[in-house]
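Presented below is the structure to which this report refers.
Note that this is a predicted model, so its numbers are computed, not measured. We count ligands from 1, going down the list as the structure has it; atoms in each ligand are counted the same way.
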Amino acid sequence: MFSRISSLLTVLLAINHFSSAHAEEKRPNILFIFSDDHAYQAISAYNDPRKLIETPNIDRIGKEGAIFHRCLVPNSICGPSRAVVLTGKYNHLNGYFNNSNCRFDSTQQTFPRLLQASGYQTSIIGKWHLETDPVGFDYWNILPGQGAYYNPPMIDNGKKVTNEGYVTDIITDLTIEQLKKRDKSKPFLMMCQQKAPHREWEPPLRHLNHNNDRVYAEPETLFDDYENRGFAIKDQDMTLEKTMTPKDMKLVAPKNLNEVQRAQWDAYYNPRNEAFLKANPQGKDLIRWRYQRYMHDYLACVKAVDDGVGRLLKYLDDEGLAENTIVVYSADQGFYLGEHGWFDKRWVFEESLRAPLLVRWPHVTKPGSENKQIVSNLDFAETFVDVAGLPIPADMQGHSLVPLLKGETPKDWRKSFYYHYYEFPQPHHVRPHYGVITDRYKLLHFYAPDVDYWELYDRELDPQEMRSFYGNPDYEKVTAELKTEVQRLRTELKVPEKDESWFYGGKRSPAIK
Ligand code: CA
């Protein structure tokens with residue numbers, strides 16, 4: 001602990017010296033918009049074949065800047081992903097393995113602390129979800145835990161406050177209000193962190209009829225039978241068929257609506273729910289109905305997120321701030337929109353592994369840039385530190401995206417990526433797994449607590465990831481190479497040889513205070 005504090009002090013002192021030497025330079029503002037569980041399939045710029053939704057405002061960031069097609073997360077779950085973003089380190093080093101029994105160790109180095117120490121005015125508004133209070137922010141106003149969609153209580157710099165309205169709009173309003181109040185002598189780091197479209201996907205009332213009862217195309221893998229793969233995929237609990245609750249399906253209304261809001265809710269859902277109960281669909285028809293309801297609700301939430309992005313971009317335009325502000329849009333992981341019959345995330349498979357990432361950086365990033373390199377939210381901390389003109393701490397484990405944003409991909413840019421998921425058994429019974437990902441392959445080890453087997457996926461032959469080629473003689477050579485590579489990555493990234501039992505969640509508390 002003492003060595004961690006003293007190394008942080010050394011970095012902070014170096015930054016203080018650096019910032020006073022460069023005080024005359026006009027460093028860019030950073031607007032980092034981060035949503036929760038926003039699947040790239042639900043952003044029109046990513047061109048999902050189902051054409052689920054138009055998101056003109058999020059798309060605008062990419063059109064005026066860059067869209068990244070392969071932004072991978074080290075651990076596809078909310079809290080751990082946020083800890084990765086803040087620290088630029090894998091969960092085995094930042095101490096936040098799962099959402100069940102971890103608390104973020106706020107004594108450690110984070111990019112907001114580094115930016116704040118160097119003279120940025122730092123704020124975070126919205127979802128935090130890391131148990132301990134935010135550190136490194138001049139202003140913070142966060143949802144307690146997961147937060148509520150309607151009339152959400154928040155914690156404003158430590159004080160509990162009430163709000164009336166829809167959470168996404170409130171977070172956007174508060175972000176704009178705080179930008180108006182900012183200290184104009186300093187560059188800002190504004191982290192606008194939306195709760196939406198996290199489960200239970202409760203829509204903004206103004207968008208309840210947004211799709212005019214459109215019927216959405218189904219994903220090809222909606223009725224996946226989980227054959228040709230190991231036990232873990234058969235034993236999960238995250239399907240539309242078995243896991244979805246009446247609350248998820250809006251067959252019961254949330255408790256925290258006021259009278260007027262409840263009337264709007266009932267006017268939309270009651271007649272549709274009555275028709276559903278009367279029709280009483282079964283089997284595949286029931287799954288199909290659930291998929292349609294899920295898409296309606298999830299996409300209505302996304303629509304409000306996109307509205308908010310539009311308002312934030314307009315504020316930057318109106319205030320003349322757009323030219324010197326980097327705008328980043330991302331989410332804490334990807335999400336299943338019915339693929340493999342699922343909702344939720346967690347797996348190393350493409351839909352949950354990939355987060356959306358769009359970045360606008362006027363005069364630096366060429367408008368309309370597309371990037372297919374393997375990047376990660378592990379890289380965000382280093383990128384923000386680099387953008388702020390600060391030295392990148394040697395203990396961060398990502399790579400600054402600044403060269404890529406300039407259109408200059410370094411020759412030695414990563415060709416492989418390490419993934420590691422821990423949380424088990426609750427809430428979705430997805431077994432811990434780690435592995436290595438390349439452009440084409442994924443080699444995975446399902447290793448705990450009651451399984452021990454490998455899988456190999458070949459996305460070129462099998463883009464939907466419906467079968468494991470592990471043990472197939474044609475794949476012997478590539479399997480051996482990937483096994484060497486995963487071990488190399490584990491050593492380089494300092495992954496412990498053995499997990500502690502509390503890494504998975506459950507009752508035992510971690511040692512971190
Ligand atoms: Ca999440």
Are any of the side-chain nitrogens in Asp237 or Lys242 under 4.0 Å away from the carboxylate oxygens of its partner? no

The OD1(Asp36)-the Ca ion (ligand 1)-OD1(Asp332) angle, to 10°, is 90°

The Ca ion (ligand 1): angle it makes with OD1 (Asp37) and SG (Cys78), nearest 10 degrees: 110°

How are the rings of His420 and Tyr434 set to each other: parallel, tilted or perpendicular (split at 30° and 60°)? tilted

So Trp342 and Tyr336, would you call those rings parallel, tilted or perpendicular, with 30° and 60° as cut-offs? perpendicular

Can Arg199 be said to sit on top of Phe343's aromatic six-ring, NZ or CZ under 6.0 Å from centre and within 45° of the ring axis? no

Under 3.0 Å from the Ca ion (ligand 1), can any N, O or S atom of Gln333 be found? yes

